[in-house]
Amino acid sequence: MTQPRQLIPMAAPSFPTATLTPVLIHLLRGASDLASVAATHAKLLKAGVASTLASSNHLLAAYCRCSAMSRARDLFDRMPDRDVVSWTTLMSGYAASGRPREAVALLRAIDFSGVQPNVVTFSTAVSACAHLADAGLGRQVHSRAKVAGCACDTVVATALVDMYGKAGRIEDARAVFDGMAAPARNDVSWGAMLAVYAQNALGNEAIELFAELRTNGSGVTPNHFMLSSVVSACASVVRLSIGKCVHGTVLRLWHGNNEVIAVALVDMYSKCGCYKYSRKVFNGMEEPSIIPYTSIIVAAAKYGLGRCALTLFNEMVDRGLQPNDVTLLGVMHACSHSGLVDTGLRLLRSMKSKYGVTPCPSHYTCAVDMLGRAGRLEEAFEMAKEAQVEGNEALLLWSSLLSACRTHKRLDLATLAGQRVSEFNQDIAGGLVVMSNAYASAGQTDNAAAVRSSMRQRGIRKDPGCSWIEVKDIPYVFYAGATSCAGARTDELLMLLDELECKMREKGFKGRLGSARVSDAHEDDGDEGRGVMVPLPWSTTMGIALGAAKGHAFLHVAEKPVIYQDFKTSNIWLGDVTGRVKALSNCTR
DNA sequence: GTAGGGTTAG
């Protein structure tokens with residue numbers, strides 16, 4: 001057997017650059033870590049190879065790929081020549097390693113270098129602005145791209161759509177999208193625009209745009225990006241029938257195995273009152289990652305299936321998946337909504353040591369809420385003080401505690417919590433409403449009326465909380481405190497509510513649905529009100545609406561109907577209670 | 001040859 005021939009001489013005194021570059025590319029392509037990139041770099045220097053612009057750019061890109069930004073910067077600063085690729089590579093490196101501001105700053109520096117930025121440079125800079133969600137900075141980059149004649153490029157324009165969307169400037173995003181000539185729009189542009197609507201809770205706009213894409217012969221077939229956005233849009237506006245329809249499209253286009261879409265479907269069904277369908281989609285997943293698990297745990301939590309959520313959580317941990325802050329919040333919510341207070345508290349106390357997650361304000365708020373629901377108000381107060389949260393988060397935390405005090409008729413503590421709420425609340429309407437309700441619950445109707453009248457005098461209005469749900473393709477809208485139900489059946493439904501209250505009392509429900517119904521009265525600014533929405537003492541941040549649809553009664557639960565603005569996305573069914581109401585409905589009929 | 005755009009859980 002002959003010795004294999006040595007292909008590369010051990011010591012190459014001088015490689016011609018032309019033959020070296022492919023070798024360099026080959027070496028750098030296999031180098032995913034800093035050590036091997038640095039080793040290749042060292043070999044080159046040792047061999048005394050003259051560095052060319054191209055070889056330096058390759059090295060620069062390799063350093064950026066392993067986020068070795070100080071090495072990259074060092075190399076960049078030493079380069080005798082830099083072209084637009086060198087600048088853009090460094091910019092992209094900063095953006096990818098979570099330093100978008102430095103990336104955008106490079107756009108100014110290019111001016112002084114005499115290098116002309118191109119479409120790639122601009123798309124990179126715009127995308128960095130998107131990460132910052134900074135519309136002001138983004139607009140500046142947009143202007144510069146226009147001047148440079150790069151703003152009409154498909155990729156730059158798509159990045160602009162995304163950037164304006166991430167910065168919450170929907171109109172600007174749409175203007176850029178509309179400004180794109182039909183051939184310039186591709187699947188990515190459509191996907192970006194759909195995502196803008198979906199991510200900004202404009203579900204109906206997303207659905208409308210998707211319909212346009214499907215009917216106008218745009219020549220674009222929905223892909224997994226668009227489908228996940230549209231499903232998520234259906235979830236945000238609780239459009240079950242359209243969501244099911246999109247689910248059909250997902251299956252027809254062979255995207256049934258896509259995890260991102262599946263997560264959106266799990267979420268959509270859970271928000272539309274179909275926990276069973278959520279479960280079906282989840283069970284059909286091959287190897288669910290942390291996000292699907294979190295999604296189904298949150299769904300179970302909303303339906304009061306605490307034990308089920310804990311089982312899923314344990315199964316997930318057994319599979320070696322590491323829970324994150326969102327997962328743990330979901331599990332805590334599950335404990336909270338199922339009265340598993342001590343389990344929830346143990347989780348809060350052990351999450352740092354067991355899972356390496358430091359509790360954040362939302363975990364404390366959840367714990368405070370959990371203690372509050374259970375009537376353990378002193379402990380809830382201690383927890384609230386311990387959390388030491390600020391700003392909007394403090395508002396959420398203390399509002400939750402205030403609601404709990406009101407529910408448990410602890411006016412002494414309600415006053416304290418009410419003070420804290422007013423400290424942090426700029427929009428004080430919600431806080432005052434809760435305070436007024438707290439007085440009313442404690443039987444101090446004069447004080448309650450005084451708060452209301454002071455609100456009227458000061459021109460402070462609280463928009464009535466409302467929520468809606470689709471039953472057999474018909475949307476039903478409910479306003480907080482509205483006592484009118486579907487036409488002539490009002491009396492019958494109120495009677496049903498009373499019966500429900502009795503049944504619930506047998507199950508340990510304390511307090512009265514009826515009294516809350518009266519004290520919660522808001523101005524009803526629409527004539528669509530078809531139900532009553534009252535807070536449940538065992539679930540202080542939830543309201544419950546009872547309405548009629550197609551001759552049967554149902555319970556509709558909306559989270560946080562009184563204080564918060566974001567409850568609109570949380571329309572859900574409370575499964576077990578729904579069953580009882582349906583049974584009651586049969587008795588009443 | 002080296003640099004660019006869109007998706008899911010709270």
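Numbers restart at 1 for each chain; the letters A, B, ... are given by sequence-line order, proteins then strands.
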(Q) Counting the atoms with a prime plus P, OP1 and OP2 as sugar-phosphate, which does V188(A) contact under 4.0 Å by heavy atoms, base, sugar-phosphate, or nothing? (A) base
Q: For Y293(A) and dT8(B), give me the distance from atom OH to atom P, rounded to whole Å.
A: 22 Å
(Q) Should the side chain of N57(A) and the base of dA3(B) be counted as holding a donor-acceptor pair, with the cut-off at 3.5 Å? (A) no
Q) With sugar-phosphate meaning primed atoms plus P, OP1 and OP2, does V126(A) contact a base, only sugar-phosphate, or nothing at under 4.0 Å between heavy atoms? A) nothing
Q) Of the nucleotides dG1(B), dA3(B), dG10(B), which has the atom closest to the H333(A) side chain? A) dG10(B)
Q | Side-chain donor/acceptor of R373(A) to backbone N/O of S336(A), under 3.5 Å | A | no
(Q) Base, sugar-phosphate or nothing for T154(A)? Non-hydrogen atoms, less than 4.0 Å. (A) base
(Q) Tell me if the CG atom of N257(A) is crowded by more than 12 foreign heavy atoms within 6.0 Å. (A) no
**Q.** Nucleotide nearest V260(A) (side chain, heavy atoms from C-beta), chosen from dG10(B), dT7(B), dG4(B)
**A.** dT7(B)
(Q) At 4.0 Å (heavy atoms only), tell me whether T89(A) reaches a base, stays on the sugar-phosphate, or touches nothing. (A) sugar-phosphate
Q: Dump the intermediate steps for side chain to side chain donor-acceptor pair (under 3.5 Å) on Y197(A) and R174(A), then the final yes or no.
A: CA-CA 9 Å; Y197(A) 285 135; R174(A) 185 64 200 239; 3.2 Å; yes
Q. If only atom types and distance count, is the side chain of N200(A) paired as donor or acceptor with the main-chain N or O of G165(A) below 3.5 Å?
A. yes
Q. Mind checking whether Y275(A) and Y303(A) have parallel, tilted or perpendicular rings, split at 30° and 60°?
A. tilted
**Q.** Protein-nucleotide distance (D187(A), atom CG; dG6(B), atom P), rounded to Å
**A.** 13 Å
Q.
So, does S92(A) get its side chain near the phosphate of dG4(B), meaning an N or O under 4.0 Å from OP1 or OP2?
A. yes
Q: Could you check how far CG of D83(A) sits from P of dG1(B), rounded to whole Å?
A: 14 Å
Q | S228(A) side chain, from C-beta outward: closest of dG5(B), dA3(B), dT7(B) | A | dT7(B)
Q: Check every atom of dG4(B), dT8(B), dG5(B) against the side chain of V156(A) and return the nucleotide holding the closest atom.
A: dG4(B)
Q: Grab the NE2-C1' distance between H224(A) and dT7(B) for me, whole Å please.
A: 7 Å
(Q) What's S362(A) touching, base or sugar-phosphate or nothing? Going by heavy atoms closer than 4.0 Å. (A) nothing
Q. Between Y197(A) (OH) and dG6(B) (C1'), how many Å, whole number?
A. 15 Å
Q. Is D153(A) side chain donor-acceptor paired with the dG4(B) base, going by distance under 3.5 Å alone?
A. yes
Q. Would D178(A) and R185(A) pass as an ion pair if we require N to O under 4.0 Å?
A. yes
Q.
Whether K271(A) contacts dT8(B) is assessed here as follows: a side-chain N or O lying under 4.0 Å from the phosphate OP1 or OP2. Is that the case?
A. no
Q. When the distance from CD1 of I110(A) to P of dG4(B) is rounded to whole Å, what number comes out?
A. 14 Å
Q) Which heavy atom in M268(A) sits nearest to a heavy atom in C234(A), and how many Å separate them? A) CG-CB, 4.0 Å
Q.
Heavy atoms from C-beta onward define the side chain here; which of dT7(B), dG10(B), dG1(B) lies closest to that of K302(A)?
A. dG10(B)
**Q.** V326(A) side chain, from C-beta outward: closest of dA9(B), dT7(B), dG5(B)
**A.** dA9(B)
(Q) So, does Q199(A) get its side chain near the phosphate of dG6(B), meaning an N or O under 4.0 Å from OP1 or OP2? (A) no
**Q.** Parallel, tilted or perpendicular: rings of W190(A) and F177(A) (30°, 60°)
**A.** perpendicular
Q: To the nearest Å, give me how far apart CZ (F210(A)) and P (dT7(B)) are.
A: 16 Å
Q: Taking only the side-chain heavy atoms of V298(A) (C-beta and beyond), determine which of dA3(B), dG5(B), dG10(B) contains the nearest atom.
A: dG10(B)
Q | Below 4.0 Å: OP1/OP2 of dT7(B) and any side-chain N or O of K166(A) | A | yes
(Q) Once you apply a heavy-atom cut-off of 4.0 Å, does D325(A) come out as touching a base, just sugar-phosphate, or nothing? (A) base
Q. If you check every side-chain atom of L329(A), which of dG4(B), dG10(B), dT7(B) has the closest atom?
A. dG10(B)
Q) Can you find a donor-acceptor N/O pair under 3.5 angstrom joining the side chain of N186(A) to the base of dG5(B)? A) yes
Q: Measure the distance from CG on L194(A) to P on dT8(B) and round it to the nearest whole Å.
A: 11 Å
Q.
With a 4.0 Å limit, can you tell me whether R65(A) has a side-chain N or O closer than that to the phosphate oxygens OP1/OP2 of dT2(B)?
A. no
Q: Just compare dA9(B), dG4(B), dG5(B) and give me whichever is closest to any side-chain atom of V120(A).
A: dG4(B)
(Q) For a quick check of understanding: with a heavy-atom distance under 4.0 Å over all strands, which category does N258(A) fall into, base, sugar-phosphate or nothing? (A) nothing
Q. What about T124(A), does its side chain sit under 3.5 Å from the base of dG4(B) through a donor-acceptor pair?
A. no
Q: Determine the contact category for S86(A): base if any of its heavy atoms lies under 4.0 Å from a base atom, sugar-phosphate if only primed atoms, P, OP1 or OP2 are that close, otherwise nothing.
A: nothing
Q | Selected nucleotide, minimal atom distance to D162(A) side chain, candidates dG6(B), dG4(B), dG10(B) | A | dG6(B)
